[in-house]
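In what follows, a single structure is set out as structure tokens and then discussed.
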Amino acid sequence: MTLEELLEYVATEYLDDRTELVDGDPDSLWSDSFLVRQFNEAQRRLARAAWCIIDEGHVTAGTIVLSTGVATYALHKSVLRVLEATPSDQEWPLYRTTDIALRMPRPYSDLPFDLNSLTVSSPGRPLAFAPDAGTRRIRIFRTPSATENGLRVNLKVVRLPVTWLTLENTAASPEVPEDYHYLLGTYAAGKALTLPTVDSQSKVDGRALLGEFADELREARHDRQRAEMTSATWAFDTTTSLIDSGVR
């Protein structure tokens with residue numbers, strides 16, 4: 001749906017508050033600006049709860065540019081999680097690990113390289129990244145040298161919308177998938193009908209709509225989790241499952 005279609009949908013199907021007058025401005029109980037704010041809040045809640053916006057290399061939210069001697073980089077305010085980081089001049093992503101693993105070398109590690117090696121610990125070509133270097137900050141390892149200065153790293157991210165709905169562009173569509181556009185109307189109508197100035201019966205209807213929205217958030221999250229499911233692999237992890245384990 002476009003914003004114009006969303007506004008008409010909510011006003012017609014839920015609120016029934018638009019009356020065309022013979023003279024003067026059209027009569028309405030809830031302004032378009034109020035409804036747009038609620039559409040945007042519904043998008044934010046949906047994207048945060050269900051992780052329904054995942055993309056890679058987004059021009060605004062999905063890239064960082066490496067600088068000489070800089071190990072950590074700020075992420076766009078819309079980013080919720082970084083899933084992969086791939087330098088633009090290669091096809092394979094960097095190894096993903098944790099900030100603490102990259103900052104505390106130790107004799108034994110699950111990392112595919114030796115942090116204690118001077119060759120690995122010196123500035124140079126990136127090998128790994130940690131998405132938990134801080135709130136919306138990412139650590140790149142190794143620290144870029146002058147050779148890597150200006151290299152772009154494409155990020156696969158879970159994010160909030162970057163461009164929010166506004167009355168200046170009613171032809172725009174929400175960034176959340178079209179499958180969930182109607183939910184924005186459900187949330188906006190629920191918020192409108194639970195305002196202090198609304199009568200008691202309407203408040204009951206509004207709370208029911210907000211409850212429906214909350215239920216649909218959970219279902220949207222389940223949709224994403226089901227889509228990411230992979231086939232299970234066999235794993236033998238008991239002493240009796242080992243060949244010639246000595247157990248009789």
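Atoms considered below: every heavy atom in the structure, side chains included; atoms not considered: hydrogens, waters and symmetry mates. Along the sequence shown, the residues carry numbers beginning at 1. Every value quoted in this text rests on a predicted model; they were computed, and no experiment measured them.
- Under the 3.5 Å distance criterion, the side-chain polar atoms of Lys203 are matched with a main-chain donor or acceptor of Val198.
- The existence of a salt bridge linking Arg221 and Glu216 is excluded, since no basic side-chain nitrogen approaches an acidic carboxylate oxygen closer than 4.0 Å.
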Inset, instruction - Please report the C-alpha distance between Leu155 and Thr63 in whole Å, then the side-chain angles of each, then the deciding distance to 0.1 Å, and finally whether the side-chain contact (heavy atoms from CB on, under 4.5 Å) criterion is met. - result: CA-CA 5 Å; Leu155 307 177; Thr63 63; 5.9 Å; no

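- Using a 4.5 Å cut-off on side-chain heavy atoms (C-beta onward), Asp223 and Arg218 make no contact.
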Inset, instruction - Please step through side-chain hydrogen bond (donor to acceptor under 3.5 Å, both in side chains) for the pair Asp199 and Ser202, ending with a clear verdict. - result: CA-CA 6 Å; Asp199 64 79; Ser202 293; 3.1 Å; yes

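- In the hydrophobic clustering of this structure, Val36 groups with Phe34; members are Ile, Leu, Val, Met, Phe, Trp, Tyr whose side-chain heavy atoms approach within less than 4.5 Å, directly or through other members.
- Within the 4.5 Å cutoff, no side-chain heavy atoms of Leu94 are placed close to those of Thr86.
- A continuous path of Ile, Leu, Val, Met, Phe, Trp and Tyr side chains, each step under 4.5 Å between heavy atoms, connects Tyr95 with Val120, placing both in one hydrophobic cluster.
- For the atom pair CD of Glu56 and CG of Leu83, the computed distance is 9.5 Å after rounding to the nearest 0.5 Å.
- In this structure a side-chain-to-backbone donor-acceptor pair under 3.5 Å is present from His181 to Met1.
- Glu168 and Thr166 share a side-chain donor-acceptor pair at under 3.5 Å.
- Across all non-hydrogen atoms, the minimal contact from Lys77 to Arg136 is O-NE, 2.8 Å.
- Residues Val153 and Ala85 share a closest heavy-atom pair of CG1-CB, 3.9 Å.
- Residues Ile138 and Val79 share a hydrophobic cluster, clusters being chains of Ile/Leu/Val/Met/Phe/Trp/Tyr side chains in contact below 4.5 Å.
- Using the six-membered ring where Trp is involved, Phe141 and Phe113 have ring planes that are parallel, under 30° apart on the 30 and 60° scheme.
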Inset, instruction - Start with the C-alpha distance between Val65 and Leu151, add both sets of side-chain angles, then the distance that settles side-chain contact (heavy atoms from CB on, under 4.5 Å), and finish with yes or no. - result: CA-CA 6 Å; Val65 179; Leu151 176 63; over 6 Å; no

Inset, instruction - Decide yes or no on side-chain contact (heavy atoms from CB on, under 4.5 Å) for Thr186 and Tyr182, but give the supporting numbers first. - result: CA-CA 7 Å; Thr186 302; Tyr182 78 96; 4.2 Å; yes

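- Under a 3.5 Å cut-off, the side chain of Glu13 and the backbone N or O of Val10 do not form any donor-acceptor pair.
- Taking 4.5 Å as the limit, some side-chain heavy atom of Leu167 sits within range of a side-chain heavy atom of Ser33.
- In terms of heavy-atom proximity, Ala192 sits nearest to Trp30 at O-NE1, 3.1 Å.
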Legend entry - Verdict with reasoning, Met104 to Leu115, per side-chain contact (heavy atoms from CB on, under 4.5 Å): CA-CA 8 Å; Met104 292 187 66; Leu115 278 172; over 6 Å; no

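- Atoms CG and OG1, from Asp114 and Thr119 in turn, are 9.5 Å apart once rounded to the nearest 0.5 Å.
- Remark: Trp51 CH2 to Arg81 CZ distance equals 6.0 Å, nearest 0.5 Å.
- Put simply, the side chain of Arg139 does not reach to within 4.5 Å of the side chain of Phe129, judged on heavy atoms.
- Electrostatic pairing of Lys156 and Asp55 does not count as a salt bridge here, judged by no charged N lying under 4.0 Å from a carboxylate O.
- The shortest non-hydrogen separation linking Gln38 to Tyr187 is O-CD2, 3.4 Å.
- Counting non-hydrogen atoms of neighbouring residues, nucleotides and ligands closer than 6.0 angstrom, the CD atom of Glu178 reaches no more than 12 such neighbours.
- Looking at Ser88, its side chain does come within 3.5 Å of a backbone N or O of Arg152 through a donor-acceptor pair.
- The side-chain heavy atoms of Pro174 and Leu6, taken from C-beta on, include a pair separated by under 4.5 Å.
- A donor-acceptor contact shorter than 3.5 Å is absent between the side chain of Ser67 and the backbone of Val70.
- Paired with Leu210 under the rule side-chain contact (heavy atoms from CB on, under 4.5 Å), one option of Thr194, Asp215, Asp205 passes, and it is Thr194.
- The backbone N or O of Arg125 lies less than 3.5 Å from a partner atom in the side chain of Arg142, making a donor-acceptor pair.
- The 12-atom threshold is not exceeded at CD of Glu8, counting heavy atoms of other residues, nucleotides or ligands nearer than 6.0 Å.
- For the atom pair Asp132 CG and Thr97 OG1, the distance stands at 8.0 Å (nearest 0.5 Å).
- A donor-acceptor contact shorter than 3.5 Å links the side chain of Glu148 to the backbone of Ser145.
- The shortest heavy-atom contact between Ala71 and Thr143 is CB-OG1, 3.7 Å.
- For the atom pair OG of Ser173 and CD of Glu4, the computed distance is 11.0 Å after rounding to the nearest 0.5 Å.
- Atom CZ of Arg224 has more than 12 neighbouring heavy atoms from other residues, nucleotides or ligands inside a 6.0 Å radius.
- Checked by atom type and distance alone, the side chain of Asp99 never pairs as donor or acceptor with a backbone atom of Ala130 at under 3.5 Å.
- Looking only at distances, a side-chain donor or acceptor of His58 sits under 3.5 Å from a matching main-chain atom of Ala61.
- Judged purely by distance below 3.5 Å, without hydrogens or angles, the side chains of Gln43 and Arg48 never pair a donor atom with an acceptor atom.
- Using modelled atom types, one finds a donor on one side chain and an acceptor on the other under 3.5 Å when comparing Arg137 with Thr72.
- Taking every heavy atom of both residues into account, Leu160 and Ala47 meet most closely at CD2-CB, 3.9 Å.
- No side-chain heavy atom of Val158 sits under 4.5 Å from any side-chain heavy atom of Ile53.
- Residues Glu41 and Arg45 have side chains in contact (heavy-atom distance under 4.5 Å, counting atoms from C-beta outward).
- Between Asn169 and Leu3, the closest side-chain pair of non-hydrogen atoms is not below 4.5 Å.
- Counting non-hydrogen atoms of other residues, nucleotides and ligands closer than 6.0 Å to CD of Glu175 gives a total above 12.
- In terms of hydrophobic clustering, with Ile, Leu, Val, Met, Phe, Trp and Tyr side chains grouped at heavy-atom distances under 4.5 Å, Val204 and Leu15 are assigned to different clusters.
- Distance OG1/Thr170 to CG/Leu165: 10.5 Å, rounded to 0.5 Å.
- Taking the six-membered ring for Trp and the full ring otherwise, Tyr14 and Tyr9 have centroids separated by under 6.0 Å.
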